[in-house]
A.B. asks: 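Right, I'll just put the structure down here and ask away after.
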Amino acid sequence: MTPPSRAVSVAVPVPALGCLSYLVPEHLAMPEVGTRVLVPLGTRVLTGCVIARDATSDPSDLKPLIDLLDTTPLLPADVVQLALWVGDYYASGPGQAVAAAMPPKAWVVSERHAQITPAGRDALSGQLSEGRRQVLDLLTDGGAHPVARLARAIAETQRGPEMRQGGLYARVTALARDELITLSQPLKGSASAFKSVSVARATPHGLEMLERGQLQGARQLDALRLLSGTPSGIALTELVRHGISRDTVRRLALRGALTSTREVIERDPWLGGAQTLTDAARSDGAPSPELVLTDEQQSAVDTLGPDAGTGLFSVALLQGVTGSGKTEIYLTLARAAVARHRQALILVPEIALTPAVATRFRRAFGDRVAVQHSGLSDGARHDQWHRIRRGEIDVVVGTRSAVFAPLPSVGLIVVDEEHDGSYKQEESPRYHGRDVAVMRAKQAGALVVLGSATPALETYRHAEAGRYRRVVLTERVLSRPLPSVRIIDMREEFAEHGPDVVLSGALVEALDDRVTRGEQALILLNRRGYAASVFCRQCARSLECPNCSVSLTFHRRSDRARCHYCGYSRSRPERCPECTGAYLEQVGFGTERVEAEIAERWPDARVARLDRDTVRRQGAAARLLNRFGAGELDVLVGTQMVAKGHDFPRVTLVGVISADVGLGVADFRAGERTFQLLTQVAGRAGRGVLPGEAIVQTLYPNHYSIRYACRQAYEPFFADEMEFRTAMHYPPEVALVSAVVRAPTFNQAMQDAAELAQGARARASRFTVLGPASAPLGRLRGQYRAQLLLKGPQRGEMRRALLAALEGRGELKRRVAIDVDPLSML
Ligand code: ADP
Ligand code: ZN
């Protein structure tokens, strides 16, 4: 009988790299799937994750791995499986997919420490290989030194080619095996990612001293008094704040009156964001009495509740008009899942939406709620992640990446505003959070609820075909009416007042009303900046980005022209850089201009702006939204960020400045996106007691997306849009895979893309390959971009054809971005 193989497959976070196989040295235990390991790769040492035992490789061909970083797997096996599915489906390979599932601070390079033994000292005076001597020489002071520092020290003393770190780790491991050095446990990397503080506690002896009046000095007395009242102990930093120095603590410790220990504390996002959270709680009213579900809500719960947490997989589309109370349904379903000892995962599209949603869940589930999104500090996110991993959490609220949260047994997954494009990650792995959620539910046997007033075409089609259950909420809660919508034809406004009109007469009147009555208004313009471009009247060119094929947007506050793709900016030139003409004109306008006009017209109104320029800093968006929710602002101007899922009962007016901004984009989803955006933003009006109104300004008042959005008429929109997609062979009629090739010159990009197209065509059976053509965004960050589109019924075939065409072409592979089910066609 042959002994079981000691080989494992390891995923490392390197783009375009498959799994690697390593041998597990005899002195290490065989790691389970999900364990982090330290592996040599070329001259580097990387953290990887064991994704399987490898029974097929010949162990004699394999390099040994260096170390195990976990004694129990960091990632649960089912999350590893999910990540591998992502790596395969989205063609990113396993490394980046597994990396996406990892918590922050997981990718440590070993912090293993080496220390010389007496045998090691003896060995120094005898025969030793040069390599071994080098290591032992560095350890003669007897201290424990991080292996990584030894590697650096040796690299510095070496003249020749750079020291291979992998080689050093192997050497160190061998020295340890021969007992010339000891290696301290390698778990420091992950352990130190927790935050610990020193906590002092009074000892029984100390309490006795206090009672008998045996303590000298006011400070010592103060300290013991404080501690005697707090048996759980007080952090030293806290004592310092009470005027008790570390010296006092040390003296008391010496007398045996107190002990001080280091303890891990949770970095709690609820504390860090305390203000935002209480504000959010306040903004939707004092502690809400339990709501009585409306008939429609109740019937949705009756339909779906029996599935939550039962272990059966099913998908439901919860299609409810804006303000129909979907969140309340999610809560009730989560309760059902938790009652069956399973957990709930609630995904929201935007970081800014998490506090409001998480607060509502906190009210129901207390501190068994965790949040996961990239707006948290790495530390807080890490700590929350480990609470989930330890099974202390029933409900996770988070953005896209939370779909990988290590919940032991998910029973319910909610994808709120499932149509939202933010669920798609626009860098590798290019996964769609909603679709991964469905896959996770399938693996875990869970109920997925996809909630939206404007479902993605893909989702609605599944429901129509009977693959997803469809539950409908046709009315707003308490029979509140949907907002009435007026379309303003801006061609008429321009004819009358010239082309520089920002606010139509109707919108001015409506805003005036709101400001007078003290009601709130939201104004949407999906374009940042002050002027859309800077145009030369002499040569008819616009200021362009030197790195990207787009014109620069003018920002007034910073007085600079900026590229919204690469971040390039320049001061506003006096003359045209092309022809030195003196007549530079600002054309078109963005949110900054709208904000300025409103502030000028209504100087007493409190106006603020929400877009990526005003909320660069962490938590800024949530703070601004809270201020608006708390009634500290009258008018909020912003990009699509103002349209999403918010619930502001005091908003009675929504204005849309240029409803057609998104229609000019070279993208077959432009109509769908415009419909969703307008329906959603109009749906922010009239959610409270007062009825709402929306005013939509457009140059295309007859465009079907705009017309249907104004009536909040999803089904007719779906029918028209599907007709167009079917005729043009676009998703969801077919599946799409895009490949964008980057290169320093246009010709090279096109040539490489042509070769790739040829390779894919040679393998085509049921799919077609379109292109290559210059991508709509032909240049980005100094690189030219050529695009291929593959269309067919089966993603697997298309993906395999592309990957096969790239086989053995590592350099090209790094310049190709494959996007399965792309959302952005740019
Ligand atoms: P949606 O997500 O469907 O747009 P929300 O879940 O944000 O709607 O709910 C809209 C508003 O209605 C919220 O302020 C919520 O507190 C309130 N609400 C929800 N259900 C009820 C109910 N049964 N009775 C009264 N108010 C409700
Ligand atoms: Zn640029």
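First listed ligand is number 1; within each ligand, the first listed atom is number 1.
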A.B. asks: Look at atom 13 (C) of ligand 1 and find which of Thr327, Asp295, Asp416, Asp647 reaches it with the closest heavy atom.
C.D. replies: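 It is Asp647 whose heavy atom sits nearest to atom 13 (C) of ligand 1.
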A.B. asks: Under 4.0 Å from a heavy atom of Arg687: which atoms of ligand 1 are those, numbered in the order shown and with their elements?
C.D. replies: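 Near Arg687, the atoms of ligand 1 are 1 (P), 4 (O), 5 (P), 7 (O), 8 (O), 10 (C).
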A.B. asks: Does Gly323 reach ligand 1, in the sense of a heavy atom lying below 4.0 Å from it?
C.D. replies: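 In this structure, Gly323 qualifies as a contact of ligand 1 - some heavy atom is under 4.0 Å.
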A.B. asks: Is the shortest side-chain N to carboxylate O distance from Glu328 to Arg360 below 4.0 Å?
C.D. replies: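 Yes, charged N to carboxylate O under 4.0 Å.
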A.B. asks: May I have the step-by-step check of side-chain contact (heavy atoms from CB on, under 4.5 Å) for Glu427 and Gln425, ending in yes or no?
C.D. replies: CA-CA 6 Å; Glu427 60 192 51; Gln425 175 149 303; 3.9 Å; yes
A.B. asks: Does at least one non-hydrogen atom of Arg360 fall below 4.0 angstrom from an atom of ligand 1?
C.D. replies: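 Arg360 counts as a contact of ligand 1 under the 4.0 Å cut-off.
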A.B. asks: Name all residues meeting the ring pair (Phe, Tyr, Trp, His ring centres under 6.0 Å) criterion together with Tyr468; count only those two or more places apart in sequence or in a different chain, and write none if there are none.
C.D. replies: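 Testing Tyr468 for ring pair (Phe, Tyr, Trp, His ring centres under 6.0 Å), a comparison that skips the adjacent residues, returns His462.
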A.B. asks: Is there a donor-acceptor pair closer than 3.5 Å between any side-chain N or O of Asp611 and the backbone N or O of Thr614?
C.D. replies: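 Pair found, side chain donor or acceptor close to backbone of Thr614.
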A.B. asks: Is there a donor-acceptor pair closer than 3.5 Å between any side-chain N or O of Arg684 and the backbone N or O of His646?
C.D. replies: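 Yes; judged by distance alone, with no hydrogens or angles, the pair exists.
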A.B. asks: Counting heavy atoms only, which of Gln298, Lys326, Gln297 comes nearest to atom 20 (N) of ligand 1?
C.D. replies: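 That would be Gln297.
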A.B. asks: Of the choices Gly325, Gly688, Gly320, which has the non-hydrogen atom that lies closest to atom 8 (O) of ligand 1?
C.D. replies: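 The residue whose heavy atom sits nearest atom 8 (O) of ligand 1 is Gly325.
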A.B. asks: Using the ring of each side chain (for Trp, its six-membered ring), is Phe718 parallel, tilted or perpendicular to Tyr460, with breaks at 30° and 60°?
C.D. replies: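 Judged by the thresholds at 30° and 60°, the geometry between Phe718 and Tyr460 is tilted.
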A.B. asks: Spell out, as yes or no, whether a donor-acceptor pair under 3.5 Å connects the side chain of Glu672 to the backbone of Ala456.
C.D. replies: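 Looks like no, no N/O pair under 3.5 Å.
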A.B. asks: Run Asp752 and Arg815 through salt bridge (Lys or Arg N to Asp or Glu O under 4.0 Å) and show every step you take.
C.D. replies: CA-CA 10 Å; Asp752 288 340; Arg815 289 189 285 117; 2.9 Å; yes
A.B. asks: Do Glu328 and ligand 1 have an N or O pair less than 3.5 Å apart?
C.D. replies: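 No, since none of the N or O atoms of Glu328 sits under 3.5 Å from an N or O of ligand 1.
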A.B. asks: Does Ser569 reach the main-chain N or O of Arg562 with its side chain, forming a donor-acceptor pair under 3.5 Å?
C.D. replies: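 No: the side chain of Ser569 does not pair with the backbone of Arg562.
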A.B. asks: Can you spot which of Thr639, Val642, Thr591 makes a side chain to side chain contact (heavy atoms under 4.5 Å, CB included) with Asn526?
C.D. replies: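 When Thr639, Val642, Thr591 are each tested with Asn526, the side chain to side chain contact (heavy atoms under 4.5 Å, CB included) holds only for Thr639.
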A.B. asks: Taking the Zn ion (ligand 2) as the centre, how many protein N/O/S atoms fall inside a distance shorter than 2.8 Å?
C.D. replies: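 Step by step: take the Zn ion (ligand 2), keep protein N, O, S below 2.8 Å, and you get 4.
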A.B. asks: Does the N or O separation between Arg480 and ligand 1 drop below 3.5 Å for any pair?
C.D. replies: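 By distance alone, the answer is no.
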A.B. asks: Just jot down the ligand 1 atoms closer than 4.0 angstrom to any heavy atom of Thr294, in number order.
C.D. replies: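 In order of number, 23 (N).
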A.B. asks: Relative to the heavy atoms of Thr322, which atoms of ligand 1 are at a distance of less than 4.0 Å?
C.D. replies: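 Listed by number with element: 4 (O).
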A.B. asks: Please work out, at 4.0 Å between heavy atoms, whether the side chain, the backbone, both, or neither of Val292 comes within that distance of ligand 1.
C.D. replies: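 Under 4.0 Å from ligand 1, Val292 contributes backbone atoms alone.
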A.B. asks: Return the orientation label for the Tyr530 and Phe554 ring planes: parallel under 30°, perpendicular over 60°, tilted otherwise.
C.D. replies: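 Rings of Tyr530 and Phe554: perpendicular, over 60°.
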A.B. asks: Test of understanding: given a 4.0 Å heavy-atom threshold, classify the contact between Leu293 and ligand 1 as side chain, backbone, both, or neither.
C.D. replies: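 The part of Leu293 near ligand 1 is the backbone, not the side chain.
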A.B. asks: Is the NZ or CZ atom of Arg779 positioned over Tyr784's six-membered ring, under 6.0 angstrom from the centre and within 45° of the axis?
C.D. replies: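 Satisfied, under 6.0 Å and within 45°.
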